[in-house]
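Side chains are part of it too, since the values below use all heavy atoms of this structure and drop only hydrogens, waters and symmetry mates. Just so it is clear, the model here is predicted, and its values are computed rather than measured.
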Amino acid sequence: GLARGAFGYLVKPPTPAAIREAVSRVKKYAAPQQRRLLVVEESPAERQRLVEMVESWGCVSGQAGDAREALRTLGQAAAAGNPYQAALIDFNMTGVNGEQLARDIKADPLLETVGLIVMTSIGYPGDALSMKRVGFSGYLTKPLRASQLFDCLAMVLGLGDLPEPQRETVMVTRHLI
């Protein structure tokens with residue numbers, strides 16, 4: 001259709017159907033096994049629950065309780081040549097919130113390729129677009145269902161297989177999954 005570019009990828013502006021089709025093409029190549037994921041969550045109990053969930057899928061996880069710890073952990077891993085491929089970030093953190101953390105991550109040349117998924121307890125119309133503008137590729141509302149998180153993570157990891165212009169057009173939400 002008209003939503004396809006010369007190599008079968010999306011061109012701007014993509015239709016929702018074209019986005020779903022493109023993401024489904026790369027999803028099968030983005031299994032989370034052995035992928036490095038940083039869980040950034042202020043609540044120790046919720047952070048542990050998320051870590052256990054993603055590790056049960058074969059992810060290699062790290063964890064951070066706030067934005068400062070997340071930036072330090074991501075930076076150290078990247079500098080050591082063992083970067084995280086994705087970060088699952090709680091939006092509502094004390095001090096630096098998830099939005100500012102995403103801006104800080106995307107502004108760092110060592111970290112700009114990390115796929116970011118935001119989790120929020122309260123979602124409003126237009127929030128996903130706002131989060132996309134600051135660098136998130138995934139947007140989920142709490143409480144998280146394991147199946148939604150798994151699919152979102154697989155899709156966000158799969159976006160790395162798309163060329164840069166097409167990668168920028170996709171926002172994975174529960175509506176796309």
Side-chain angles (χ1 to χ4, degrees), residues 23 26-108 110-124 127-128 130-132 134-161 170-177:
V23 171
V26 297
K27 183 178 172 183
K28 63 185 173 197
Y29 301 110
Q33 291 84 5
Q34 302 306 309
R35 301 289 188 108
R36 289 178 48 83
L37 171 71
L38 182 67
V39 176
V40 185
E41 167 64 56
E42 202 169 50
S43 162
E46 180 66 7
R47 186 170 61 243
Q48 185 59 37
R49 185 181 80 80
L50 291 167
V51 164
E52 289 173 5
M53 187 183 308
V54 301
E55 286 180 352
S56 76
W57 302 328
C59 289
V60 177
S61 72
Q63 52 184 299
D66 60 34
R68 180 176 297 146
E69 184 181 2
L71 280 172
R72 184 177 61 250
T73 302
L74 289 167
Q76 288 173 346
N82 194 18
Y84 285 91
Q85 285 84 38
L88 181 61
I89 300 172
D90 181 35
F91 180 80
N92 299 305
M93 294 184 289
T94 305
V96 177
N97 68 16
E99 181 177 351
Q100 185 58 53
L101 176 55
R103 290 180 195 276
D104 293 343
I105 290 169
K106 292 302 179 178
D108 186 327
L110 282 175
L111 306 178
E112 66 186 356
T113 61
V114 175
L116 304 179
I117 301 169
V118 65
M119 307 172 288
T120 184
S121 54
I122 303 172
Y124 295 103
D127 280 356
S130 297
M131 295 298 101
K132 180 65 180 168
V134 299
F136 285 101
S137 297
Y139 176 90
L140 295 173
T141 53
K142 294 179 180 180
L144 297 179
R145 289 189 8 228
S147 61
Q148 284 182 334
L149 178 56
F150 181 90
D151 288 347
C152 182
L153 179 59
M155 289 180 183
V156 167
L157 289 169
L159 293 176
D161 297 334
V170 179
M171 179 60 145
V172 180
T173 67
R174 64 184 172 90
H175 303 291
L176 185 61
I177 297 170

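Residues V40 and L88 form no side-chain contact, since every pair of their non-hydrogen atoms from C-beta on lies 4.5 Å or further apart. Counting heavy atoms from C-beta outward, W57 and L149 have side chains that approach closer than 4.5 Å. Side-chain contact between Y84 and T73: present, with at least one pair of heavy atoms (C-beta onward) separated by less than 4.5 Å.
Residues satisfying the side chain to side chain donor-acceptor pair (under 3.5 Å) criterion with K106, sequence neighbours excluded, are absent altogether.
Residue M119 is tested with L50, I89, N92 for a side chain to side chain contact (heavy atoms under 4.5 Å, CB included); the sole match is L50.
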- Query: Can you list the steps and then say if L71 with L111 is a side chain to side chain contact (heavy atoms under 4.5 Å, CB included)?
  - Reply: CA-CA 9 Å; L71 280 172; L111 306 178; 4.2 Å; yes
- Task: Under the side chain to side chain contact (heavy atoms under 4.5 Å, CB included) rule, what do Q48 and Q63 come out as? Steps first, then yes or no, please.
- Result: CA-CA 9 Å; Q48 185 59 37; Q63 52 184 299; 4.1 Å; yes
- Task: Show the numbers, then the answer: is there a side chain to side chain contact (heavy atoms under 4.5 Å, CB included) between V60 and R35?
- Result: CA-CA 6 Å; V60 177; R35 301 289 188 108; over 6 Å; no
- Task: Apply side chain to side chain contact (heavy atoms under 4.5 Å, CB included) to the pair L116 and S137, showing each step before the final yes or no.
- Result: CA-CA 6 Å; L116 304 179; S137 297; 5.9 Å; no
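Closest approach of L153 to A86, counting heavy atoms only: CD1-CB, 4.1 Å. Residue C152 comes nearest to G138 through the heavy atom pair SG-CA, 4.0 Å, listed as atom of the first residue, atom of the second, then distance. Across all non-hydrogen atoms, the minimal contact from S61 to V51 is OG-CG1, 3.4 Å. Among all heavy-atom pairs drawn from A70 and L101, the shortest one is CB-CD2, 4.0 Å.
Annotation: the span from L110 atom CG to I105 atom CD1 amounts to 12.5 Å, rounded to 0.5 Å. Going from atom CG of L37 over to atom CE of M53 covers 11.5 Å, rounded to the nearest 0.5 Å. If you take OG on S121 and CZ on F91, they are separated by 9.5 Å, rounding to the nearest 0.5 Å. For the atom pair OH (Y139) and OG (S130), the distance works out to 9.0 Å, reported to the nearest 0.5 Å. Distance CZ/F136 to CD1/I117: 10.0 Å, rounded to 0.5 Å. Atom OG1 of residue T141 and atom CD1 of residue I122 lie 11.0 Å apart, to the nearest 0.5 angstrom.
Classification of K142 and D90 as a salt-bridged pair holds, one side-chain N sitting under 4.0 Å from a carboxylate O.
A donor-acceptor pair is defined here as one N or O able to donate and one able to accept, closer than 3.5 Å; such a pair exists between the side chain of E69 and the backbone of G65.
Sorted by first and then second residue, the pairs that involve residues 43-67 and meet salt bridge (Lys or Arg N to Asp or Glu O under 4.0 Å), not counting sequence neighbours, are E46-R49.
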In a table with atom names and distances, give each donor-acceptor pair under 3.5 Å that connects a side chain of residues 93-100 to protein atoms at least two apart or in another chain.
from, atom 1, to, atom 2, distance (Å)
T94, OG1, E42, OE1, 3.3
T94, OG1, E42, OE2, 2.9
N97, OD1, E99, N, 3.1
N97, OD1, Q100, N, 2.9
E99, OE2, R103, NH2, 2.9
Q100, NE2, D104, OD1, 2.8

